[in-house]
Trainee: 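I have a structure I would like to understand better, so I am pasting it below and will then ask my questions one at a time.
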Amino acid sequence: MKLVLHNYWRSSASHRVRIALEVKQLAFEYAIINILQRDQFSELYRAMNPMSQVPTLVVTEDSGTTHTLTQSLPILEFLDERFPTTPLLPKDPFRRHQVRALCEVINSGIQPLQNLAVIKAIKALGHDTNAWSQSYITPGLAAFEQAVESSAGLFCAGDAVTFADCFLVPQLASSRRFGVEVERFPRLLEIEARCLALPAFQRAAPDQQPDAVK
Ligand SMILES: N[C@@H](CCC(=O)N[C@@H](CS)C(=O)NCC(=O)O)C(=O)O
């Protein structure tokens, strides 16, 4: 099976998938989609990802059949089902719900409101883009931290890395870029530090990617 991840170094949704691939020790080819240079709007890429967003994971089976997977959360679900070694979801259905609910706080409650296309639109309207994004990120992270109080162990949900950690670490990275005072969330920073001590998270980090601008 061959995996090609079409992604961008600083995209948080891409970062989530890279973490999962690295935790599961899956080799993948890195295809650069520079969203600042509008690569996501090319005809070729749009055919793969009709939302013109990264990431897209192209999976080619040994038989030659190709599958084009979009949306980071369903991609994580696919990876966990197809490659169950080092699971990223707990076994218990209530714990699984906790993990998925944490992911949704970021997936639908924070990231879409600070996505590049939204930031460009806010800028075009003459608004302060940092003030805009902070007004969604800060309460979103506060909600995440409150939820983590009842789910966390060493990581966001229990003592093993889950999808929730794959979401939290990229979100904290982009929150800092938008000037959010992440120090207000000590529990989240503690979990982030534990994640970043793991080689898989280090390999998936934005500044370690081939298209990183340093
Ligand atoms: N729900 C999507 C969100 C993907 C997304 O928003 N990607 C951003 C980068 S993190 C993007 O491609 N933005 C390009 C744009 O706004 O033009 C997912 O989880 O895959």
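Counting starts at 1 for both ligands and their atoms, in listed order. In what follows, residues are counted from 1 in the order of the sequence shown.
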Trainee: Tell me whether Asn34 contacts the main-chain N or O of Asp39 through its side chain, where contact means a donor paired with an acceptor under 3.5 Å.
Mentor: no
Trainee: Among residues at least two apart in sequence or on other chains, which ones pass ring-ring contact (aromatic ring centres under 6.0 Å, His included) with Phe83?
Mentor: none
Trainee: Going by ring-ring contact (aromatic ring centres under 6.0 Å, His included), name the residues that satisfy it together with Trp9, two or more places apart in sequence or in a different chain.
Mentor: none
Trainee: Report the C-alpha distance between Leu196 and Gln202 in whole Å, list the side-chain angles of each, state the deciding distance to 0.1 Å, and finish with yes or no for side chain to side chain contact (heavy atoms under 4.5 Å, CB included).
Mentor: CA-CA 6 Å; Leu196 294 179; Gln202 291 163 11; 5.5 Å; no
Trainee: Can you list every pair that meets salt bridge (charged side-chain N to carboxylate O under 4.0 Å, His left out) and has a residue in residues 61-78, with sequence neighbours left out?
Mentor: Glu77-Arg100
Trainee: Assess whether salt bridge (Lys or Arg N to Asp or Glu O under 4.0 Å) is satisfied between Asp211 and Arg10, documenting all intermediate values.
Mentor: CA-CA 9 Å; Asp211 52 338; Arg10 230 157 64 156; over 6 Å; no
Trainee: Distances under 3.5 Å, N/O of ligand 1 against N/O of the protein: list each pair and its distance.
Mentor:
| residue | atom | partner | partner atom | Å |
| --- | --- | --- | --- | --- |
| ligand 1 | 1 (N) | Gln71 | OE1 | 2.6 |
| ligand 1 | 6 (O) | Gln111 | NE2 | 2.9 |
| ligand 1 | 6 (O) | Asn115 | ND2 | 3.4 |
| ligand 1 | 7 (N) | Val54 | O | 2.8 |
| ligand 1 | 12 (O) | Val54 | N | 2.8 |
| ligand 1 | 13 (N) | Asn115 | OD1 | 3.0 |
| ligand 1 | 16 (O) | Asn115 | OD1 | 3.4 |
| ligand 1 | 16 (O) | Asn115 | ND2 | 3.2 |
| ligand 1 | 16 (O) | Ala117 | N | 2.9 |
| ligand 1 | 17 (O) | Gln40 | NE2 | 2.8 |
| ligand 1 | 19 (O) | Arg16 | NH1 | 3.3 |
| ligand 1 | 19 (O) | Ser72 | N | 3.2 |
| ligand 1 | 19 (O) | Ser72 | OG | 2.6 |
| ligand 1 | 20 (O) | Ser72 | N | 2.9 |

